[in-house]
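Have a look at the structure below before the remarks.
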2 protein chains.
Amino acid sequence: MQIADHFCEHVLLKKWEAGDRIPSVRETAVNIEVNPNTVMRTFNYLQEQGIIFNKRGIGYFVADDGFEKTKALKKKDFITQELPAFFKAMSLLNLSIEDIRQYYQQYLDNQTDDVP
Amino acid sequence: MQIADHFCEHVLLKKWEAGDRIPSVRETAVNIEVNPNTVMRTFNYLQEQGIIFNKRGIGYFVADDGFEKTKALKKKDFITQELPAFFKAMSLLNLSIEDIRQYYQQYLDNQTDDVP
DNA sequence: TGTAGTGTATTAGTTAAGTAGTACACTAAA
DNA sequence: TTTAGTGTACTACTTAACTAATACACTACA
């Protein structure tokens, strides 16, 4: 799932676009220092989600609607999983949306600093 | 860690206050259907964090400053771990703080519905 | 046609986490 | 003193996930 997240991020950031060939199973396995079998499982998952597709003997490619599929998948997860947990933590710590806004501003400031 | 979270939640919601005796290792193990060894590891962690303390042969108790310790621990984790990941997800999905505010309002509305 | 790079599949080994069972020392209370 | 409930410690077993190694089928291209 962490590997899948990393790939989804590439798609959402448009580092990979529709039709692009993504690194092979073996290549990815070496890059992220993980077993090819593990990569295969990730690719299968992404293929089931319709984000990538496969040409046997050639490689995996980003689907035409890969961006939309990825965004929909991530948004669903964000709304149903992350948000409720986040709001619960906020409530336990007595933090308001206004507090979050301030943290967010700091976060944005730091991001721009890092990219000179 | 999930077990520890559950206990921290009890402390933060004031279901357990300073000096209260918390359920025993064996009792907790039965309740959450887990092995006593696993509970022990959790209790050790919470004791290291100064949230609970131990009287041999009697049980575990919430420390005097257990509430503050728990809040500090959770807040640190929230700021350093959860927030950055949350903001990153927001950015990938093109969500603004204003969007989050609206989701939060919906969340609050649902919460009050559940407690009639 | 041959070769190198692809996906795919299988089997065996490793590791971390949890389970299961038991035993022992301490404490409070009958 | 006895007993029941507590924390603590230890060893063996199970399981899920991943690793390791290998083999095979497919495709493009020189």
Side-chain angles (χ1 to χ4, degrees), chain A residues 1-11 15-66 69-70 73 77 81-82 85, chain B residues 1-11 15-66 69-70 73 77 81-82 85:
Chain A
M1 280 306 140
Q2 293 162 5
I3 304 176
D5 278 344
H6 184 250
F7 275 75
C8 288
E9 204 175 312
H10 268 65
V11 174
K15 291 181 178 175
W16 295 337
E17 304 206 40
D20 284 1
R21 181 173 170 280
I22 69 179
S24 75
V25 173
R26 286 180 176 81
E27 198 180 341
T28 303
V30 172
N31 281 343
I32 64 181
E33 292 179 318
V34 113
N35 194 277
N37 296 340
T38 309
V39 177
M40 264 270 293
R41 246 173 294 146
T42 302
F43 282 21
N44 279 335
Y45 168 75
L46 292 174
Q47 186 161 252
E48 283 167 10
Q49 303 303 318
I51 293 173
I52 61 180
F53 66 95
N54 164 270
K55 290 185 189 171
R56 171 130 195 178
I58 309 181
Y60 280 93
F61 300 80
V62 176
D64 282 349
D65 54 354
K69 284 271 178 62
T70 305
L73 183 70
D77 182 72
Q81 306 297 319
E82 289 191 57
Chain B
M1 280 305 140
Q2 293 163 4
I3 305 175
D5 277 344
H6 185 248
F7 276 74
C8 287
E9 202 175 314
H10 268 67
V11 173
K15 290 181 178 176
W16 296 335
E17 304 206 39
D20 284 0
R21 182 175 168 279
I22 68 180
S24 75
V25 172
R26 285 180 177 80
E27 198 179 343
T28 303
V30 172
N31 281 343
I32 63 180
E33 292 178 318
V34 112
N35 195 277
N37 295 340
T38 308
V39 177
M40 264 269 295
R41 248 174 293 148
T42 302
F43 281 22
N44 280 335
Y45 169 75
L46 292 174
Q47 186 161 253
E48 284 167 9
Q49 302 302 319
I51 292 173
I52 60 179
F53 66 95
N54 163 272
K55 290 185 188 171
R56 170 131 197 175
I58 306 182
Y60 280 93
F61 299 81
V62 177
D64 282 348
D65 55 355
K69 284 269 178 64
T70 305
L73 184 68
D77 180 72
Q81 306 297 319
E82 289 192 57

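Within every chain, numbering begins at 1; the chains are lettered A, B, ... in the order of the sequence lines, protein sequences first and strands thereafter.
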Less than 4.0 angstrom between a side-chain N/O of B/T38 and OP1 or OP2 of C/dT19, yes or no? yes

Is there a side-chain polar atom (N or O) of B/Y60 under 4.0 Å from OP1 or OP2 of D/dT8? yes

Please state how far atom [atom1] in [X] lies from atom [atom2] in [N], giving the value in whole angstrom units.
X	N	atom1	atom2	value
A/I58	D/dC26	CD1	P	13 Å
B/N44	D/dG7	CG	C1'	10 Å
A/M40	D/dA17	CE	C1'	16 Å
A/N37	C/dA12	CG	C1'	12 Å
A/F61	C/dG7	CZ	P	9 Å
B/I32	C/dT19	CD1	C1'	13 Å
B/F53	D/dT6	CZ	C1'	15 Å
B/N35	D/dA12	CG	C1'	13 Å

Flag, side chain of B/Q47 to backbone of B/N54, donor-acceptor distance under 3.5 Å: yes

Determine yes or no for a side-chain-to-main-chain donor-acceptor pair under 3.5 angstrom, with B/H6 supplying the side chain and B/Q2 the backbone. no

Just call it for B/F43: base, sugar-phosphate, or nothing, with non-hydrogen atoms closer than 4.0 Å on any strand. nothing

Under 4.0 angstrom, heavy atoms only, what part of the nucleic acid is B/N54 near: base, sugar-phosphate, or nothing? sugar-phosphate

Which heavy atom of B/K15 sits nearest a heavy atom of B/D20, and at what distance? O-OD2, 4.3 Å

Exercise: identify the closest heavy-atom pair between B/I52 and B/F43: CD1-O, 3.7 Å

Examine the base of C/dG7 for any acceptor or donor lying under 3.5 Å from a partner atom in the side chain of A/R26, and report the outcome as yes or no. yes

Among the nucleotides C/dT6, C/dG18, D/dC18, whichever has the atom closest to the side chain of A/R21 is C/dT6

Which nucleotide, D/dT6, C/dT19, D/dA20, lies nearest any side-chain atom of B/R41? C/dT19

Please figure out whether A/G57 or A/V34 has its closest DNA chain D nucleotide nearer the 5' end. A/V34

